[in-house]
Each structure stands twice: as structure tokens, then as C-alpha cells.
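A quick note: this is a predicted structure, and the numbers were derived from the prediction, not measured. Numbering of ligands and ligand atoms starts at 1, following listing order.
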Amino acid sequence: MTYDLAIIGGGAAGCSAAVTARQRNLSALVLYSGDGALGKARIVSNYPGLPDIPGPELLGRMREHAAGMGAEFKHGLVRRVMPLGEVFSILAGNDIYESRAVILAMGTARVKLLPGEEGLVGQGISYCATCDGMFYKGGTVTVVASGAEAVEEANYLSTLASVLYCMEKPHDVSALSPDIRRIDEKPLGFHLEGDLVKTETESGGFLADGVFILRPAVAMTQLIPEVRTENNAIVLDEKLMTSVPGVFGAGDIAGAPLQVSKAAGDGNTAALSVAGWLIRQGRQQPAKEAW
Ligand SMILES: Cc1cc2nc3c(=O)[nH]c(=O)nc-3n(C[C@H](O)[C@H](O)[C@H](O)COP(=O)(O)OP(=O)(O)OC[C@H]3O[C@@H](n4cnc5c(N)ncnc54)[C@H](O)[C@@H]3O)c2cc1C
């Protein structure tokens, strides 16, 4: 199925966008990896109409509201959004979805890349075991992991190749396959040595045919490199569209003020802009209800 709109992020901005999208009769898919900033707020005192509400409760109500209006929620880390002509292809977890428009609502989660990482993406470094694992069948790969979510993917890779597992941040590895060799050193950076990629560590490092970097968050430059950013925020026009036609943005991802009301307002504006944009592109019929 091709959704009218895929919303990446299930926080205040994403839920608000989903509610408005459904009100405008758009099919809406919300892809989210966790609870974001709102899930961490002990008490939110300045959201109109709901004084002193715990952040997780407000988030739960927003999700219930959007789901009740017919938005589809799916849990998964979005790794890549690819513009493919009239549609966008979205890789979330191990699944691929398709939509006519996209709203980026991923909050402020930032990823610090390791030295050498960016230059080797696609040339020995990959972020997706499912997409690229087969290229290393019978070889050796290093998994650089910063969360327990990486364990399952590393186990999958171990069915194809010899795997070295190196932790960027400490996490539970009790479910790691016994076939995988753990490296008890932190990765410091990467460089090529001939056809092999060296993961640098304090004691020197180790070589492999490829490296899979598996983190619980994805840098904007990997998720959709075509989108322009400035000072760690995506750049939006007055309709909240990014530099990529059909890709909009809402909430903390667009920069200060980092506030729930602003995120919800952005989500509403972005969804209305999507509805207008789809009609202008001839990709969506106007909603029946006039308002
Ligand atoms: C401790 C704390 C207290 C706060 N108190 C207040 C307050 O009192 N009042 C106030 O107005 N604001 C407060 N804020 C700020 C407020 O929480 C944020 O401004 C608001 O939550 C932003 O909404 P958002 O939807 O843009 O981002 P978020 O709420 O951060 O949601 C981002 C969503 O994107 C998802 N995501 C990220 N990357 C990916 C990916 N690659 N794939 C799939 N999903 C992804 C996350 O899992 C999450 O679901 C507080 C923040 C914190 C941390």
C-alpha cells in the first residue's frame, strides 16, 4: 500500500500531524522508535487545557487520539527515506514502506559520528544489516553497536559472515550468538586498508571486509541526505516544507523553541501543507468535508 503521508516520529509533532492528516482524509502512517523528549518530561505545566500533566500521560493521550482517528502506528527505527519520483520509499527496522509525502518529526535526537565514518558510508560502512548483509556472505564484518537493539541484527549477520562485536556504549549483550566474537574496546574511528575497513581502537584496531554501525538513532545526513540543515536543525519554508519537495518538518527537529505546544502547532501546519501539496501535485483528491 502507498500511504498518502508517512510521519517519522511519534511525539507531539508527529501525533498532531497524524490527527490533522486524518481529519483531511489522508492515509497516515506514523513510524516511531521510542517516546522522545515528551516521554522524559516529568510534568508539563504549559500545555493549554491540560495543566500539570505528566509527559508520558500527555504522549499517551496524543497517540490514542491519532490512532483513534485512523492513523496507523508502527514501531521501528527509520534508517533511510529515499525520494523515488512520485513516491518515497522508507526503510524502518527491516521493513519498507511507501508514501506520497513525508513529515520529519524526529525531535532533537542527535548522532555523533565517529572519525572517518561519513566518508566510508557505502564503501565498507553500512547502517542496515538486512539491506547489505548479503554482500559480506562468507567474509568478516565488524558490528559497532550502541544499544541492545543491535544484538538481533548482529545475530542475523552471524548467519552470513564471521562477526566481531564492538560496543560504542555499554548495553545488554546476553542474547548475542555464541558464534560472535566480542571486542572489549571502544571504536575510535575508521579507515581503509586496501579492500578492508579498519576499526581503530586504543590498542590499534582490527580489520574486516565491512562494518555495520547499528545505533538506536540515525543522523539526518544518513536518513535523508538531500534535506538541507543549518545549525543542527532542518531548514523549512513558510509551509514547513524542507529543501526536498514533498518532505516537510515539524517540532524540535526544526529548532527552538523546544516546546510541546510549538511541536503540536508545527505538526498541524505541516499536515495541512501536505494536504494542499498533494492536491496541487494531483496525488490526492480534496477531502469531502469542507472546513
Ligand atoms: C525532561 C524534559 C522536560 C520538558 N518539559 C517541557 C515542558 O514542561 N513544556 C514544554 O512545552 N516542553 C517541555 N519539554 C520539551 C518537549 O518535550 C519537546 O519540545 C517536544 O516533546 C517536542 O516534540 P517532537 O514531537 O518534536 O519530538 P519528540 O517528543 O522528541 O518525539 C520525537 C519522536 O521521533 C522518534 N524518532 C527519532 N528518530 C527516529 C527515527 N530515526 N525513526 C523513527 N522514529 C524516530 C522518537 O522515538 C519520538 O517518537 C521537555 C523536554 C524534556 C526532555
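- Using modelled atom types, one finds no donor on one side chain facing an acceptor on the other under 3.5 Å when comparing Asn155 with Ser177.
- The line from CG of Asp184 to OH of Tyr165 is 12.0 Å long, rounded to the nearest 0.5 Å.
- Nearest heavy atoms, Leu223 versus Leu104: CD2-CD2, 4.1 Å.
- The 4.0 Å heavy-atom shell around ligand 1 contains residues Ile8, Gly9, Gly10, Gly11, Ala12, Ala13, Leu31, Tyr32, Ser33, Gly34, Gly36, Ala37, Leu38, Lys40, Ala41, Ile43, Val44, Asn46, Arg63, Gly76, Leu77, Val78, Ala105, Met106, Gly107, Leu223, Gly251, Asp252, Leu258, Gln259, Val260, Ala263, ordered by chain and number.
- The backbone N or O of Leu26 lies less than 3.5 Å from a partner atom in the side chain of Arg22, making a donor-acceptor pair.
- One finds the OG1 atom of Thr20 at 10.5 Å from the CG atom of Leu5 (value rounded to the nearest 0.5 Å).
- A donor-acceptor pair is defined here as one N or O able to donate and one able to accept, closer than 3.5 Å; such a pair exists between the side chain of Asp4 and the backbone of Ser27.
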